[in-house]
Number of protein chains: 2
Amino acid sequence: MQDLKELSNIKCFGNLSKNELKLLASIARKRNFSKGEVLFYEKDEPRYLTLLTSGTLKVYKTDPKNNEIILHRFLPGTLVAEMAVLEGIPYPASACFESDGSVIEIDFIRFKKEFLTNPDIALNFFKSLSRKIKYLEDVIALNIVLDSTARVAKYICENDDALGMKHNQLSQYLHMTPETLSRIFKKFTKLGFLVKEGSNYKIIDKESLTILFE
Amino acid sequence: MQDLKELSNIKCFGNLSKNELKLLASIARKRNFSKGEVLFYEKDEPRYLTLLTSGTLKVYKTDPKNNEIILHRFLPGTLVAEMAVLEGIPYPASACFESDGSVIEIDFIRFKKEFLTNPDIALNFFKSLSRKIKYLEDVIALNIVLDSTARVAKYICENDDALGMKHNQLSQYLHMTPETLSRIFKKFTKLGFLVKEGSNYKIIDKESLTILFE
DNA sequence: AAACCATATTGATATACATCAATAATGAGA
DNA sequence: TCTCATTATTGATGTATATCAATATGGTTT
């Protein structure tokens, strides 16, 4: 791998020196994926530390009835499933690209030896993991407490790209059926919170929407 | 703090030398709590690294209607909310003792300086965080996919103390009402999976129960 | 434009679970 | 043992959301 800039954009490595970055690059390689390709499956053995550099990635589990339960959605610049490689355990979930994208894979054995002894990097790793924990706790609180209407309101208020997503996909994130999502959009439109512009909806009364989940 | 054995029982510190343990003890103190006491509230600023040494602790969020949503239940020997102190952010949830218990509190500033530079400890910390992430992912998968019946089956099969808990408390963990829990116990008894012994239920057909959630 | 596909919407129905209210069982204290 | 308070059970009803089936809409390809 040669592009040091791409490495330094990853939050964890923001404060590495040039020499350290070079060393890191020497044990890293880049891989490209197309939409729909699988990065890893649940129960695979991880060998690399993986950083998402472009595209969006969804992490999901498959239930007995073969439904996907989406646990995470990653945007570029983040570590993916680092715990599996840190612990040396199989991936607890599968990951699949939602769009074309790319990752950087780092040889973990060498990374551990060369970098994990660096307290700055270690602390950055902690932070990355912590953020994930906080996120998951929020997901739990969100999905257990809020009803469908409130979940939709919250998601479209907090994620700019939500209204551009296919209902199919969005409903999956929000753990409801496309039919339910459709009815909620209709309700929001009737209430004057959304308008349909062309084929997409647009928020026109964010304040009212916010009340629904706070 | 003087009892080195208690420190060495914590998973993260299992492989510390005697001198290191002594150093750790010098920046640690023990605190006792009674049932129902609060260890910290959501949004409190963390100052200590906290280890649960006895008792059980529940971590929960409070929703707009003042319901508790339980995120974790900790047993002795584990780190509690380490990410908050690692990141220097407020606690994202509250924690409260379910029984009498005790914790060890470690001065984080000094800990960071003295111990986080030790790759062994750092790696153990990662593992602790990783386990939590895996646990939370399971909680999400569990609660979103499985219906009430399956959740009860799973919990009583996997947690030996579940059948000794008050319905009130157990139903809270499983995110359902005590009434629903009661009806499910009745159903399981009718089906011959449970029997009532005195005032408590007992599993007599674990295999059948297992089928319900796998 | 026409024809076609995927996606969205709508309606009718089913169902799991919550809620509310009443009663029963249990356990602790006098 | 009796009483009282807590917890558990049961029944009746309401409600949100899934499911199933039909229709509509929009975007693409020819």
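Between A/Leu39 and A/Val103, some side-chain heavy-atom pair lies under the 4.5 Å cut-off. Looking at A/Val59 and A/Tyr91, their side chains never come closer than 4.5 Å, going by heavy atoms from C-beta outward. At a threshold of 4.5 Å between non-hydrogen side-chain atoms, the residues A/His175 and A/Arg151 count as touching.
Remark: the backbone N or O of A/Thr56 is paired with a side-chain donor or acceptor of A/Ser99 at under 3.5 angstrom. In this structure, the side chain of A/Lys206 engages the main chain of A/Cys157 through a donor-acceptor pair within 3.5 Å. In this structure a side-chain-to-backbone donor-acceptor pair under 3.5 Å is missing from B/Thr180 to B/Met176.
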Extract from the structure each pairing of a protein N or O with an N or O of nucleotides 11-17 of chain C at less than 3.5 Å, listing the distance.
{"from": "C/dG11", "atom 1": "N7", "to": "A/Arg183", "atom 2": "NH1", "distance (Å)": "3.0"}
{"from": "C/dG11", "atom 1": "O6", "to": "A/Arg183", "atom 2": "NH2", "distance (Å)": "3.4"}
{"from": "C/dC17", "atom 1": "OP1", "to": "B/Ser148", "atom 2": "N", "distance (Å)": "2.7"}
{"from": "C/dC17", "atom 1": "OP1", "to": "B/Ser148", "atom 2": "OG", "distance (Å)": "3.1"}
{"from": "C/dC17", "atom 1": "O5'", "to": "B/Ser148", "atom 2": "OG", "distance (Å)": "3.1"}

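In this model, the phosphate group of C/dA8 is not approached by any side-chain N or O of A/Tyr201 to a distance below 4.0 Å at OP1 or OP2.
Seen from the ring of B/Tyr48, B/Arg29 counts as a face-on cation partner, given the 6.0 Å and 45° thresholds.
Scanning DNA chain D 5' to 3' for nucleotides with an atom closer than 4.0 angstrom to a non-hydrogen atom of chain A gives a first and last hit of D/dT17 to D/dG27.
One interatomic measurement links the two molecules: NZ of A/Lys196 to C1' of C/dA8, which rounds to 7 Å at whole-angstrom precision. The CG atom of B/Asn200 sits 14 Å away from the C1' atom of C/dA25 (whole-angstrom rounding). Remark: P of C/dA6 and CD of A/Gln169 are 17 Å apart, rounded to the nearest angstrom.
Relative ring orientation between A/His72 and A/Tyr135 is described as parallel, the plane-to-plane angle staying below 30° on a 0-90° scale split at 30° and 60°.
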